[in-house]
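Atoms considered below: every heavy atom in the structure, side chains included; atoms not considered: hydrogens, waters and symmetry mates. Along the sequence shown, residues carry numbers from 1. As the structure is a prediction and not an experimental result, all values here were calculated from the model.
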Amino acid sequence: MAPVKVPDSRWIRRYRKYLLCGSGIMCIQVILAYAFFSLDSDNVGTPSEPRDVSGRGRMNSEAFNEDPNGAASSRRFRENYLALDDEDIPINALFNRHKVPPDKPSNLHVISSVTRSANSPNNNSLRTGVSAVNRTILRLEELDFTPSCEITNKEAVSAIHRAKTQLCKQEIANKTCLINDSNLYPVALQMSCPVREGMTAGKSLGCFKDEKNFRTLSGYSVTLKSTNSPEHCIHLCLQSGFPYAGVQYSVECFCGNNKPELSARLPDSSCNMKCPADPRKACGGYYTINVYQTGISKFIPQVPKESPKPNETPVRVAYLLTLNGRGVRQVRRLFKMLYHQDHYFYIHVDARQDYLFRELLVLETQFPNVKLARKRYATIWGGASLLQMLLASMSYLLSSDWKWDFIINLSESDLPIKTNAQLVKFLTANKKYNFVKSHGREAQRFIQKQGLDKSFVECDAHMWRIGNRQLPWGIQIDGGSDWVALSRSFVSYVSAPEKDELVEGLMSVFKHTLLPAESFFHTILRNSKFCNTYVDNNLHVTNWKRRLGCKCQYQHVVDWCGCSPNVFKLDDWSRLQSTEQRQLFFARKFDPTISQQVIDKVEVWLYGGTAKDLQSKLSYWQSVYNHMDLSPQADDGLLTVSASLARQASHKVENGDSSCSLKMLKVLEVTSYFNNDSYKGSLVRFEAMQSSPLETLELETWAAPISHFGIIRKNRDTIRLKSLLVSSEYDMKEQMSRNFLRVLGPFSDPVLVATLESNATGGLSTNMTFLWIDPTGQLAEVSEMHIEYGHVVGYVKPSLQSPLLPGVWDVRLVKNGTVWARVQFLVSPLEIMSGVTITQQQTGFVHSGPGAPYKHAHLLPEWEVLLGSTPASRVASERKALANARRFGQDLQQWIDGLTQRFYSIVDTCVTAGSHGKLQTLSCASNWGLEPCVATVWSSYTPDPKSKVSGTDFKSGNMKRYVSD
């Protein structure tokens, strides 16, 4: 037998310290792992007795450490995307990763940032990094006021420091202090909706047996580890719109619509677990549940009628048009499609849109049933001012002598999809009803996604999130779409000078709510005497494309992320056609700068074919600047480039005849020109002085940007690349730049847009690396673009230092150490600064570049061979850039004109009607060859009957259209 080898005890004694240390570390790791995984089992019972509170997934189940409407936080990730949908769709289809408000980094981002800091040469320690992330202190030295309370809430502190003006900072501080003192919101409100006889708030139905797979209350469940009690659960279920509430297993709250079966009744002693919030009361037991009535009836929306009674008086509609932007031609076209002499039109134009307001004022003189609001609000996406504007408009309509029955609010992006006769017939049959669209999913989920459990303050044209809040108990919370059709009786109730407690309380709540118009009217309807007039249909079909529309595209105006519908295109026509037999009368969104053809198709669908010979049928014009505008302030780069294009057009008109010189005086208007759903260029209308004899003329020139995109190395991959474009104002939802003229100045934020051929990804995602090279040949940025499978458009916004160095920039697509494609773009020097001619002192600052080395300068050796320049040429270019920065006056204009000639072409020029007669008196005008603008097919003066509105366009209340068949 072989001898057994016994371990040497000396070896054990020598290494026992290491063994003990290793054992201790292993124990700590086991404890941490147990603590980590136990977090995920808080809502499923004890480790020895696992529980499933979902019941085969038949209910929405969530677990909270505390009250979901108060300072509590969800145990699992809470996706802070808003669901503003008109249809109920699977949540999993919307979200595939954790989403956070835009001003808060995700946990992974914080950890990675701290880790990078810990690995950097100048770090302090990981612990210091974490504490720096979490520490929030209000810096009083930045304020010119003293807050009335101590503000420690990190969201409020962040908002105060990010706000631009002291007035806004003080507003945030004041509201925060009111919240801290519980003086801003009502604790509870009383509903007045009639309920079914026998339904009493808080009434106990007894203890009932529950089953894992067939829940007694299967509407909603939540785990409240420290706040669960019968009262709390009843409030929560009532807020969610459920008639029944139940407490179980001490910490679980269930809500449901159906009364439990009497056969499942158990002795009260079977429900013997104590409530965490009130140990004197029982909160069910192990699969036993105490059930209570919440005091409301099961909500059933009303079903509208199809046809009115014989000889019933037709309703009259007050259209509330809430308009923004500069699409005046589309607004006029919408007005023509809506107009009827029996209806009324109250138009609110955003306070910052002077052009649109000025252009629409003429409607008041043409039509007695049209009025423009004089009290105008500067509304922002999701802002509380939206609700204030709606309520102020409704109050005006109530005080007017207009005899209307319904208010329907529409925007410039809406169109009718049924005729006026069809709408009037439907509303006449349903005079007593109110038409709103509910969110269509579980209420607590909606509250969290919508941010209703947060307080917001609107100031500095921004919605600042300042902390959590608890919504008032005692009422149901509802919401969905902010496009509504409301009866006069309900509007009178909401807008009454003497408001009842419910309306007054909800106004105080929604004054500090994100997207308040999407919940205010819904919530009042559900809780007031009008609850039986609620129809779950806002008469709209909305073009939702979640994959594209649910982007964080409003970070500049809200501390939140949201969803927004897409513009209808011809590809979406089948969805519009499918509404023909449904009770839907309006559709959104439409935008003629993206697709005018689908608008034409809707018009033909409703009213018949358009004239085949109408030369402007496929054209659309939209002003982007007018010299009479008071607001918003014009872009300095646009004014600079437009003036340069006008000078080039003047020289081209002269045709080399020095005896007949033409000097550009002033840019009057810039208009984007589209034809056949394609941007064709911009039209610059300007004044010019003819030298001999002195005569002022008004001309309009058509200029188009020149593409400087090219494929350097052609192969299987680069052929799939359709184009590269650098511009700004990128619309993530529509995957396009709205800066059509591609004007970039030193203070612009460039965006690179890559377009692939259809199905170019070939089943794979596409990654691209781009080098950004400034006019001196320096490497300014290296950026990565990722285009997902199934997408054909990608974009990247580089982190370039401001101000950008003026001149010709170069972006190069590189792969495997080779330049595959490139695009050049212009950063124009500025001739105009803040609306006036730039001073010599300003040019030295604005045109000298960022004044500091680029952050990617250390990568220069790695990419040197791909930059297309040598160190010597870069030194020479830097000297030239320094000299350019000193250029001023006429010398500056020559520099600008030389640059714009490379990136824009002058297509044509015409003379306006007022100046055409003057040309006849000029001897040299015969050599200019200028047509009257009205006779062209491209000028903004081209006749456009589809957008023309005048009193003679209507006859007997019906549109006298431009159709020929």
Engineer: Is there a side-chain contact between Gln450 and Leu515 (heavy atoms, below 4.5 Å)?
Structural biologist: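 Yes, their side chains come closer than 4.5 Å.
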Engineer: Stepwise, does the side-chain hydrogen bond (donor to acceptor under 3.5 Å, both in side chains) test hold for Asn434 with Ser487?
Structural biologist: CA-CA 6 Å; Asn434 291 281; Ser487 66; 3.1 Å; yes
Engineer: Just jot down the ring pair (Phe, Tyr, Trp, His ring centres under 6.0 Å) partners of His462, sequence neighbours excluded, or say none.
Structural biologist: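 His462 satisfies ring pair (Phe, Tyr, Trp, His ring centres under 6.0 Å) with Trp464 once adjacent residues are dropped.
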Engineer: If you measure from CD1 on Ile296 to CE on Met199, what distance do you get to the nearest 0.5 Å?
Structural biologist: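 Answer rounded to 0.5 Å: 7.5 Å.
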Engineer: With side chain to side chain contact (heavy atoms under 4.5 Å, CB included) as the test, pick out the partner of Cys253 among Asn228, Thr223, Ile234.
Structural biologist: Asn228
Engineer: Does Gly505 offer a backbone N or O that forms a donor-acceptor pair with the side chain of Ser508 under 3.5 Å?
Structural biologist: yes
Engineer: With rounding to the nearest 0.5 angstrom, report the NZ to OG distance, Lys274 to Ser250.
Structural biologist: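 So the gap between those two atoms works out to 10.0 Å.
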Engineer: Would you name the heavy atoms of Pro276 and Lys225 that are closest together and state the gap between them?
Structural biologist: CB-O, 3.5 Å
Engineer: Once the angle between the rings of Tyr493 and Phe490 is folded into 0 to 90°, is it parallel (under 30°), tilted (30 to 60°) or perpendicular (over 60°)?
Structural biologist: tilted
Engineer: Measuring from atom NZ of Lys154 to atom CD1 of Ile137, what distance do you get when rounded to the nearest 0.5 angstrom?
Structural biologist: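 Reported value, rounded in 0.5 Å steps: 14.5 Å.
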Engineer: Side chains of Phe520 and Leu391: closer than 4.5 Å at any heavy-atom pair?
Structural biologist: yes
Engineer: With side-chain contact (heavy atoms from CB on, under 4.5 Å) as the criterion, how do Leu138 and Ile160 come out once you've worked through the C-alpha distance, each side chain's angles and the decisive distance to 0.1 Å?
Structural biologist: CA-CA 8 Å; Leu138 184 64; Ile160 291 173; 3.9 Å; yes
Engineer: Please give me the minimum heavy-atom distance between Gln239 and Pro472, naming the atom from each residue.
Structural biologist: NE2-O, 4.1 Å
Engineer: Test ring pair (Phe, Tyr, Trp, His ring centres under 6.0 Å) on Phe299 and Tyr534 and set out the steps.
Structural biologist: CA-CA 10 Å; Phe299 175 69; Tyr534 187 116; 4.9 Å; yes
Engineer: State whether cysteine residues Cys283 and Cys271 meet the disulfide criterion of an SG-SG distance below 2.5 Å.
Structural biologist: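 A disulfide is absent here, as the SG pair of Cys283 and Cys271 is separated by 2.5 Å or more.
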Engineer: Could you check whether any side-chain N or O of Thr216 sits under 3.5 Å from a backbone N or O of Lys209, counting only pairs where one atom can act as donor and the other as acceptor?
Structural biologist: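 Side chain of Thr216 to backbone of Lys209, a donor-acceptor pair under 3.5 Å: yes, one is there.
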Engineer: Regarding Lys499 and Glu504, does a basic nitrogen lie under 4.0 Å from an acidic carboxylate oxygen?
Structural biologist: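 No, this pair does not count.
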Engineer: Kindly indicate whether the side chain of Leu502, heavy atoms from C-beta on, has any atom under 4.5 Å from the side chain of Ser528.
Structural biologist: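 Counting from C-beta outward, Leu502 and Ser528 do come under 4.5 Å.
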Engineer: Quick check: does any side chain N or O of Ser495 sit under 3.5 Å from a backbone N or O of Val491, one acting as donor and the other as acceptor?
Structural biologist: yes
Engineer: Closer than 3.5 angstrom, by distance alone: can the side chain of Thr288 be matched with the main-chain N or O of Gly285 as a donor-acceptor pair?
Structural biologist: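 Yes; judged by distance alone, with no hydrogens or angles, the pair exists.
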Engineer: Is there a side-chain contact between Leu486 and Phe521 (heavy atoms, below 4.5 Å)?
Structural biologist: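 Side chain of Leu486 against side chain of Phe521, heavy atoms only: contact under 4.5 Å found.
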Engineer: Asn430 side chain to Lys305 main-chain N or O, any donor-acceptor pair under 3.5 Å?
Structural biologist: yes
Engineer: What heavy-atom pair brings Ser240 and Gln444 nearest, and what distance separates the two atoms?
Structural biologist: OG-NE2, 2.9 Å
Engineer: Do the non-hydrogen side-chain atoms of His512 and Tyr185 ever get within less than 4.5 Å of each other?
Structural biologist: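 A side-chain contact exists here, since the closest heavy-atom pair is under 4.5 Å.
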Engineer: Between Cys255 and Cys233, is the SG gap short of 2.5 Å?
Structural biologist: no
Engineer: Are the side chain of Ser221 and the backbone N or O of Phe254 linked by a donor-acceptor pair below 3.5 Å?
Structural biologist: no
Engineer: Determine whether Cys531 and Arg526 satisfy the following criterion, side-chain contact (heavy atoms from CB on, under 4.5 Å), listing intermediate values before the conclusion.
Structural biologist: CA-CA 5 Å; Cys531 59; Arg526 288 288 295 269; 5.7 Å; no
Engineer: Can you measure from CG (Asn290) to CG (Asn272) and round to the nearest 0.5 angstrom?
Structural biologist: 9.5 Å
Engineer: At their closest point, which heavy atom of Leu514 faces which heavy atom of Gly382, and how far apart are they?
Structural biologist: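 Heavy-atom minimum between the residues: CD1-O, 3.5 Å.
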Engineer: Decide, yes or no, whether a salt bridge links Asp559 with Lys454 under the criterion of side-chain N to carboxylate O below 4.0 Å.
Structural biologist: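 Here Asp559 does not pair with Lys454 in a salt bridge, since their nearest N and O are not under 4.0 Å apart.
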Engineer: Under the 3.5 angstrom rule, does the side chain of His540 hit a backbone N or O of Thr542 as a donor-acceptor pair?
Structural biologist: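 Side chain of His540 to backbone of Thr542, a donor-acceptor pair under 3.5 Å: no, none is there.
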Engineer: Under a 3.5 Å distance rule, please check whether Ser270 uses its side chain to pair with a backbone N or O of Leu266 as donor and acceptor.
Structural biologist: no
Engineer: Could you go through Gln293 and Lys259, starting from their C-alpha distance and side-chain angles, then the distance that decides it, and tell me whether this counts as side-chain contact (heavy atoms from CB on, under 4.5 Å)?
Structural biologist: CA-CA 9 Å; Gln293 292 180 351; Lys259 186 177 180 180; 5.6 Å; no
Engineer: Indicate yes or no for a side-chain donor-acceptor contact from Glu155 to the backbone of Gly467 under 3.5 Å, with no hydrogens or angles considered.
Structural biologist: yes
Engineer: Could you tell me whether the side chain of Tyr287 reaches within less than 4.5 Å of the side chain of Arg215, counting heavy atoms only?
Structural biologist: yes
Engineer: Look at the side chain of Gln302 and the backbone N and O of Thr533, then say whether any donor-acceptor pair between them is shorter than 3.5 Å.
Structural biologist: no
Engineer: Which pair of non-hydrogen atoms, one from His232 and one from Leu224, has the smallest distance, and what is that distance?
Structural biologist: CD2-CD1, 3.6 Å
Engineer: Quick one, Leu189 and Trp473 - any side-chain contact, counting heavy atoms below 4.5 Å?
Structural biologist: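 In short, these two side chains do not touch, never coming nearer than 4.5 Å.
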Engineer: In a check of side chain to side chain donor-acceptor pair (under 3.5 Å) between Ser438 and each of Asp478, Asp536, Asn537, which one passes?
Structural biologist: Asp478
Engineer: Measuring from atom CG of Leu184 to atom CD1 of Ile466, what distance do you get when rounded to the nearest 0.5 angstrom?
Structural biologist: 7.5 Å
Engineer: Do the rings of Trp560 and Phe456 sit parallel, tilted or perpendicular, given the 30° and 60° boundaries?
Structural biologist: perpendicular
Engineer: Decide yes or no for Ser481 and Glu518: does some side-chain heavy atom of the first lie under 4.5 Å from some side-chain heavy atom of the second?
Structural biologist: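 Contact flag for Ser481/Glu518 side chains = no.
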Engineer: Which heavy-atom pair separates Ala384 from Met463 by the least distance, and what is that distance?
Structural biologist: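 Heavy atoms of Ala384 and Met463 come nearest at N-SD, 3.6 Å.
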Engineer: Could you grab the distance from atom OG1 of Thr513 to atom CG of Leu506, nearest 0.5 Å is fine?
Structural biologist: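 Here the interatomic distance stands at 9.5 Å.
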Engineer: Let's go through Tyr292 and Tyr244 carefully: what are the C-alpha distance in whole Å and the side-chain angles of both, what is the deciding distance for side-chain contact (heavy atoms from CB on, under 4.5 Å) to 0.1 Å, and is it a yes or a no?
Structural biologist: CA-CA 6 Å; Tyr292 301 86; Tyr244 300 98; over 6 Å; no
